[in-house]
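These notes concern the structure reproduced below.
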Amino acid sequence: MNSTRSRTLQVVAGTAVLIGLPLVLFPSLYGVQLLRASWHYLFYEIVFYGFVAVPLFRCNRLIDVLRVAGVSLAYRLSIGALFGLAVSAL
């Protein structure tokens, strides 16, 4: 239980650093160039997360790769939405 909590805190801290770094480097753009959402960008991200999932999580079946990639994409989109709301609130 304690190692799971420690790992969760590491992931949250790493995410906070990765989100905050562009704000320091590019403060006039809030760290990002605004783009329209597109289906092919989501497809590229699923493919990228799929390639990352195979060596990191040792996924052998396609359904496992798609599951890990989908969860990673959902996590990234939710963190991005929460960060956008936080920036707009400030």
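Given the structure is predicted, the values throughout are model-derived calculations rather than measurements. Note: hydrogens, waters and symmetry copies are ignored here, and every other heavy atom, side chains too, is used.
Within the 4.5 Å cutoff, no side-chain heavy atoms of V54 are placed close to those of N60.
Within a 6.0 Å sphere centred on CG of L85, other residues, nucleotides and ligands contribute more than 12 heavy atoms.
A distance of 11.0 Å separates CZ in R76 from CZ in F48, rounded to the nearest 0.5 Å. The CD1 atom of I46 sits 4.5 Å away from atom CG of L73, with the distance rounded to the nearest 0.5 Å. Within the model, atoms OH of Y44 and OH of Y49 stand 15.5 Å from one another, a figure rounded to the nearest 0.5 Å.
Minimum interatomic distance between G50 and A69 (heavy atoms only, all atoms of both residues): N-CB, 3.8 Å.
A continuous path of Ile, Leu, Val, Met, Phe, Trp and Tyr side chains, each step under 4.5 Å between heavy atoms, connects L77 with V68, placing both in one hydrophobic cluster. V71 and F51 fall into different hydrophobic clusters, defined by Ile, Leu, Val, Met, Phe, Trp and Tyr side-chain heavy atoms under 4.5 Å apart, directly or through other members.
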